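Ligands are counted one by one from 1 in listed order, and the atoms in each one are counted from 1 as well. Because the structure is predicted, anything quoted here is derived from the model rather than measured. Sequential numbering from 1 along the given sequence is applied to the chain's residues.
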Amino acid sequence: MTVDIERVKQGIPNLVPFTGKYADPPDGDFIAYTGPGQFRVPDRLVIGYIEGDGIGPEVVYAAIKVANAAIERAYGKSRRVIWYEVLAGERAERALGARLPRESLEVLGRVRAFLKGPLETPVGGGFRSLNVALRQFFDLYANIRPVKYLPGLPSPLKRPELVDMVIFRENTEDVYAGIEWPYDSPEAAKIREFLRRELGVIIREDAGIGVKVISKFGTQRLARLALRFAVESKRRVVTVMHKGNIQKYTEGAFREWVFEVARTEFREHVVFESELGAHGGRVPPGKVLVNDRIADNMLQQLLTRTGEYDVIIAPNLNGDYISDEAAGLIGGLGVAPALDVGDWGMMAEPVHGTAPKYRGKNYANPTAAILALSLLLRFLGWREAADLIVRGVETAYREGYFTADLVRQMDEEERKTRVREVLGTQEFAERVAEIVAAEL
Ligand code: NAP
């Protein structure tokens, strides 16, 4: 089955698609920042959206459909979102001659809250990641990835209900910042020469070179956000994931700097593992345990001691690995959402990429994009609509409606007992929107 995106768009209210030139929607208002991390949300809110490449348009419009239903159900006519299309990726290249055009960045700079479909990045060469560029441009320093098991989802774990984590991944630094040069570039030659002459470090002539940067500033602003979240939402444990035994002055320092914030700014709310002896080996009631684990061990413990992990703070690369592993425990990339947050903006996105082989096939699971919008609405303070979306997805699974990627992971018995109907991307979103609209 294929999907006609133009037809899908026609059925969606409050959509302002790009028609050749940007014009801000006259009947909506942008989120108003009053200070770092402080904002006011208007009742007729403009949220930007980037369709994305590959399966992007299919999952993005599916998510918008569900969000519209939830906002209407929660607030009637008193609140609504006007969805303002911003171009990036392939569509931007065709219409405006660049994958991340200046005009689009200007619009996003006004909108400040947007949903991004996945954008293609070639491996090994070609243009740099637009996803990374957007996160860096708007200084969206925290990539927040909740991973929670919803009943009915397939899982390789015996007790998948133990999966309820929120990963705070640093989003602007580490080797992920892309400060690197090909082995045969003049820049790599200069660095090799500098290291040899000034520091006595010998690097092979045929080595590409990347720089790993982790700063105290970058680490501590992420730590503050994660620890505040853990305390306010009464989570049990905050674990710092790092490889500080080997990379002492980047990942080791990351651990120290997170601990420093916990000790100096959250002292009355936290207890460290080293202090548990004084409390009979238990976490005192009302306190959040702050501990750390070395990355490789932690990747396996996520499988063997799943229930011990709760809030996780990780540098950029480790955070990327562990969140995909965690997603694999509850149905895979098709259900994993993310929210990128900075002091002056926020971007919701599915964790998955463009899955090009499924482009236009109405196959992709839209859950990740749907839940990404729920995260965005929750962060904006529209909690009722956010809750409705999550409940809608949960109910759809409970009633036996699944997309094919999830059914494929089930064994014969699970298929027989759990699956009522295997739905395409748009039909799954419509089912969730119907459930949301009918909520009492
Ligand atoms: P991917 O697009 O996430 O796809 C990997 C596999 O995950 C797919 O082949 C499919 O598995 C499954 N999958 C992903 N999303 C799904 C969905 N919504 N529904 C069902 N199955 C889904 O990763 P990739 O193949 O490594 O990357 C492809 C392109 O996307 C690259 O250009 C990459 O740079 C880009 N990318 C962008 C982002 C982003 O925009 N944030 C993130 C990651 C990758 P099966 O093959 O098993 O069916």
Side-chain angles (χ1 to χ4, degrees), residues 1 3 49-63 66 86-93 99-100 114-138 140 143-145 153-154 156 167 169 171-172 176 178 316-317 319-340 347-373 375 393 396-397 401-410 422-429 432:
M1 195 174 20
V3 64
Y49 74 92
I50 294 170
E51 275 191 357
D53 303 325
I55 58 172
E58 293 166 68
V59 298
V60 159
Y61 290 114
V66 173
V86 184
L87 300 200
E90 240 178 75
R91 193 158 140 69
E93 179 141 61
R99 288 202 170 228
L100 193 52
F114 56 101
L115 168 68
K116 180 190 70 63
L119 293 165
E120 184 202 338
T121 315
V123 179
F127 55 87
R128 278 191 57 202
S129 164
L130 303 179
N131 305 297
V132 173
L134 279 167
R135 291 171 193 157
Q136 286 178 352
F137 190 83
F138 291 102
L140 304 172
N143 183 235
I144 306 172
R145 298 182 169 189
L153 285 174
I167 298 161
R169 166 191 174 200
N171 220 7
T172 59
Y176 235 90
N316 211 337
L317 184 61
D320 197 31
Y321 293 151
I322 199 153
S323 47
D324 274 29
E325 183 194 16
L329 303 180
I330 57 153
L333 289 177
V335 300
L339 182 68
D340 298 276
M347 172 174 92
E349 54 175 336
V351 167
H352 62 73
T354 60
K357 66 181 174 185
Y358 296 133
R359 175 187 195 140
K361 295 210 161 78
N362 198 33
Y363 172 94
N365 187 345
T367 303
I370 293 172
L371 293 179
L373 273 186
L375 289 180
V393 172
Y397 292 152
Y401 298 101
F402 292 97
T403 44
D405 57 314
L406 297 176
V407 176
R408 208 179 55 188
Q409 296 172 55
M410 296 178 189
V422 185
L423 299 177
T425 313
Q426 300 310 319
E427 293 69 30
F428 180 79
V432 176

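Here's the thing with Lys116: one of its N/O atoms is less than 3.5 angstrom from an N/O atom of ligand 1. Some N or O of Asn365 is nearer than 3.5 Å to an N or O of ligand 1, by distance alone. Annotation: Ala355 places an N or O atom under 3.5 Å from an N or O atom of ligand 1; distance criterion only. For Leu119, a nitrogen or oxygen atom sits less than 3.5 Å from a nitrogen or oxygen atom of ligand 1, counting backbone and side chain alike.
Of all the heavy atoms of Asn131, the ones lying under 4.0 Å from any atom of ligand 1 belong exclusively to the side chain. Residue Thr121 touches ligand 1 through backbone and side chain together, judged by heavy-atom distances below 4.0 Å. Residue contacts with ligand 1, taken as heavy atom pairs separated by less than 4.0 Å, involve Leu333 solely via side-chain atoms from C-beta onward.
Of all non-hydrogen atoms in Leu134 and Leu140, the two that sit nearest each other are O-CD1, 4.2 Å. Closest approach of Asp53 to Arg91, counting heavy atoms only: OD1-N, 4.5 Å. In terms of heavy atoms, Pro366 sits closest to Thr403 at CD-CG2, 4.0 Å. Nearest heavy-atom pair, Pro350 versus Lys116, reported as atom, atom and distance to 0.1 Å: CD-O, 3.3 Å.
Under a 4.0 angstrom heavy-atom cut-off, Val59 registers as lying outside contact with ligand 1. A heavy-atom separation below 4.0 Å is found between Val351 and ligand 1.
Judged by distance alone, the side chains of Tyr397 and Thr367 do bring a donor and an acceptor atom under 3.5 Å apart. At a cut-off of 3.5 Å, with distance as the only test, no side-chain donor of Glu58 or Tyr363 sits close to an acceptor on the other residue.
Annotation for ligand 1: atoms under 4.0 Å from non-hydrogen atoms of Glu349 are 41 (N). Listed by number with element, the atoms of ligand 1 under 4.0 Å from a non-hydrogen atom of Tyr358 are 10 (C), 45 (P), 46 (O), 48 (O). Here is the list of ligand 1 atoms found below 4.0 Å of a heavy atom in Ile55: 18 (N). Near Pro118, meaning under 4.0 Å from any of its heavy atoms, are these atoms of ligand 1: 40 (O).
For atom 44 (C) of ligand 1, the candidate residues are Ala364, Gly353, Ala368, Gly328; the nearest heavy-atom contact is made by Gly353.
You'll find the side chain of Val66 stays beyond 4.5 Å of the side chain of Leu373, heavy atoms only.
A salt bridge is absent between Glu120 and Arg359; no separation between the charged side-chain nitrogens and carboxylate oxygens falls under 4.0 Å.
Applying the side-chain hydrogen bond (donor to acceptor under 3.5 Å, both in side chains) test between Asn143 and each of Asn316, Asp340, Asp320 identifies Asp340 as the sole match.
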